[in-house]
Amino acid sequence: MPKNYMIGNWKMNQSLTEIETFFKNVKLEDNQNNFWIAPQTLHYSKCAELAGPTGVLVGTQNISDQEQGAFTGEISADSLMEMGGHFCLIGHSERRSLYGETDEFINRKVAKAIEKGLVPVLCVGETLAEREANNTLSVVLGQLKSGLKDISLNNEAELIIAYEPVWAIGTGKTASPEQAEEVHAAIRVLLEELYGETGKDISLLYGGSVKPSNVKELLGQTNINGGLVGGASLKAEDFSALCSAC
Ligand code: PEP
């Protein structure tokens, strides 16, 4: 069975005071190392320190495809491991659209993360125009095939996939549970083709305006194994509610 996860993507949000308030108030039931937060990289250490007693695991929103050296502004996978990091988001739609990240670049980052022992949360998703042109599955499966090119896995825990329709991110518009499940089911088939039995157990998260009021219906779908959440992960009460649903 795939493990369920709830992952908060804090993007470029949260002051130090807000972070302290968050970790003071977050309440997690039945924590199985499956509640994760990706803060701004600058806040990684503070979050890791405050998250310790709560059991929340901390990662980053991005990672470099390079080993080390003259790469100004990049985040080294080795350094994140040294700091006790667990995971990194890769290929978030904001990285793809605002910073021009290509599938090939994303594929190199996935390879680097796995090589170093970090869990990549590989994000894929179609734009509204692509959905309206009936290209959702070809776009999403194409992003996955390219992002996972030549990536081999020892077990299902080494990779997480997040399906995030671009039109649902930060817009308040959520994919219906049926729309999300249709894509997740197609992703599951592809993962089984690529990874056999292991592919059956890789966790598939849904992202796009997930909140406490819609999370249960989404998680009730066969192939939805948790959420990647932006806005609703910023407040301890909402994140706690999302984790309980998980
Ligand atoms: C995200 O940033 O990955 C996301 C899904 O954001 P939101 O939950 O705010 O739509």
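Whatever order the structure lists ligands and atoms in, that order sets their numbers, starting from 1. No experiment lies behind these values; they were computed from the predicted model shown. Residue numbers count from 1 along this sequence.
- Within the cation-pi definition used here (under 6.0 Å to the ring centroid, within 45° of the axis), R95 qualifies as a partner of Y99.
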In a table with atom names and distances, give each donor-acceptor pair under 3.5 Å that connects a side chain of residues 238-246 to protein atoms at least two apart or in another chain.
unit_1: S240; atom_1: OG; unit_2: K27; atom_2: N; d: 2.9
unit_1: S240; atom_1: OG; unit_2: K27; atom_2: O; d: 3.4
unit_1: S240; atom_1: OG; unit_2: A236; atom_2: O; d: 2.6
unit_1: S244; atom_1: OG; unit_2: S240; atom_2: O; d: 3.0

Give the table of side-chain donor-acceptor pairs shorter than 3.5 Å for residues 46-56, with sequence neighbours excluded, one pair per line with atom names and distance.
unit_1: T54; atom_1: OG1; unit_2: A51; atom_2: O; d: 2.6
unit_1: T54; atom_1: OG1; unit_2: V56; atom_2: N; d: 3.1

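- Looking at residues two or more places apart in sequence or on another chain, you find a salt bridge (Lys or Arg N to Asp or Glu O under 4.0 Å) between K11 and E94.
- We find that K116 and E67 are joined by a salt bridge, their nearest charged nitrogen and carboxylate oxygen being less than 4.0 Å apart.
- A distance-only check finds no donor-acceptor pair linking the side chain of D201 to the backbone of T198 [under 3.5 Å].
- Protein residues are said to neighbour a ligand when one of their heavy atoms lies under 4.0 Å from it; for ligand 1 these are N9, K11, H92, E164, A168, I169, G170, G207, G208, S209, L228, V229, G230, G231.
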